[in-house]
Amino acid sequence: IYMPRGAELRPWQAAFDPSAERLAAFAALEESIARGDATVRPAPFAFGGNLALRRRLMAALPFDLSALRGEDVDYTLSARSLGHDVRLDPSLLVEHYPPPKTAPLEATLEQETRRYLSLQRKLACARRAAPRPLGLEELAPFPGAFLRRDLTAASAQAFSALAAEYAARGALQEAERTRRAGVRVACHAELSRRADPWRDYLASAERWRRFCEVLTRVDSPIRHSEKP
């Protein structure tokens, strides 16, 4: 649902779309590269599509399987909360050509809203228990500025505006699907308030570490098993 620079946001996008903050982060990176600044520097998050991990970190921390989208950003924020550093090397570039988007807008919006609601809750729980809690100011301009918002209210506005846009075009089935998606997101937001995704992630990380330890044993049946 991200819009290119200079594009006018439709009402539902204006209600819930982190494009402004996300583009500001990329613009700052591009500007520094254009100046010839190839300094390796601390980064608030992974910019995606080009992430290198040390083996010992990968053996200690898994990707969060509950992350619906943006699992690279989620991973680096979890790693930082546990005391690891994320660094950006501007000399390592990858050109990313995403495939055409074929999913209905309401489905993409539902994924995005659930993603950020979950990330917001996870970071809030981590700030109470993590070794190096991350303040949202440390995640500026993205995703910190976006996560400061009342995302529950913003997502409700976005689904309402998109449903109204569909209805105005006579696309009543799409409007109904959008309203139902909005209800599902509202339920997800309510359930998220009662959950502790940071605790759940730490539990999955412990299971992952034990699994990796089994794999490294010389006599591991998994390591030496033959394909059927």
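These values consider heavy atoms only, across backbone and side chains, with no hydrogens, waters or symmetry-generated copies.
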Would you mind reporting whether [Y] and [X] have side-chain heavy atoms less than 4.5 Å apart?
X    : Y    : value
R207 : S204 : yes
S81  : W198 : yes
P197 : S118 : no
F16  : V185 : no

- Check for a donor-acceptor pair, side chain of Y201 on one end and backbone N or O of D196 on the other, with a separation under 3.5 Å. no

- Donor-acceptor pair, R121 side chain versus R193 backbone, under 3.5 Å? yes

If you count heavy atoms of other groups shown closer than 6.0 angstrom to [atom1] of [X], is the number above 12?
X    : atom1 : value
L92  : CG    : yes
Q173 : CD    : no
R54  : CZ    : no

- Task: With side-chain hydrogen bond (donor to acceptor under 3.5 Å, both in side chains) as the test, would you mind laying out the steps for T113 and H188 before giving the verdict?
- Result: CA-CA 10 Å; T113 50; H188 173 79; over 6 Å; no

- Message: Could you go through Q120 and S192, starting from their C-alpha distance and side-chain angles, then the distance that decides it, and tell me whether this counts as side-chain contact (heavy atoms from CB on, under 4.5 Å)?
- Response: CA-CA 10 Å; Q120 187 181 56; S192 293; over 6 Å; no

- Stepwise, does the side-chain contact (heavy atoms from CB on, under 4.5 Å) test hold for L57 with Y75? CA-CA 11 Å; L57 176 60; Y75 185 91; 3.6 Å; yes

Please give me the minimum heavy-atom distance between [X] and [Y], naming the atom from each residue.
X    : Y    : answer
R127 : G135 : CD-CA, 4.4 Å
P62  : M58  : CA-CE, 4.3 Å
A175 : A163 : CB-O, 3.5 Å

Donor-acceptor contacts, no H, no angles, side chain residues 139-151, under 3.5 Å, sequence neighbours left out:
from, atom 1, to, atom 2, distance (Å)
R149, NH2, A15, O, 2.6
D150, OD1, T152, N, 3.3
D150, OD1, A153, N, 3.2

If I take atom [atom1] from residue [X] and atom [atom2] from residue [Y], how far apart are they, to the nearest 0.5 angstrom?
X    : Y    : atom1 : atom2 : result
R115 : R69  : CZ    : CZ    : 7.0 Å
K122 : D200 : NZ    : CG    : 9.5 Å
L134 : E137 : CG    : CD    : 9.0 Å
Q13  : E165 : CD    : CD    : 8.0 Å
L191 : L117 : CG    : CG    : 11.5 Å
W208 : L61  : CH2   : CG    : 10.5 Å

- Query: Excluding sequence neighbours, so at least two apart, what forms salt bridge (charged side-chain N to carboxylate O under 4.0 Å, His left out) with E206?
  - Reply: R209, R210

- With R199, which residues qualify under salt bridge (charged side-chain N to carboxylate O under 4.0 Å, His left out), at least two apart? none

- So if you build clusters from Ile, Leu, Val, Met, Phe, Trp, Tyr with side-chain heavy-atom gaps below 4.5 Å, do L65 and L51 land together? no

- Item | Verdict with supporting geometry, T178 and W12, side-chain contact (heavy atoms from CB on, under 4.5 Å) | CA-CA 11 Å; T178 301; W12 64 272; over 6 Å; no

- Between R80 and E138, is the closest basic N to carboxylate O distance under 4.0 Å? yes

- Query: Who passes side-chain hydrogen bond (donor to acceptor under 3.5 Å, both in side chains) against R180, sequence neighbours left out?
  - Reply: E176

- Message: Test of understanding: with side-chain hydrogen bond (donor to acceptor under 3.5 Å, both in side chains), list the residues that count as partners of R132, not counting sequence neighbours.
- Response: D85

- Message: Would L202 and L82 count as a side-chain contact (heavy atoms from CB on, under 4.5 Å) here? Give the steps.
- Response: CA-CA 10 Å; L202 293 181; L82 289 168; 4.1 Å; yes

- Query: Residues in ring pair (Phe, Tyr, Trp, His ring centres under 6.0 Å) with Y166, at least two apart?
  - Reply: none

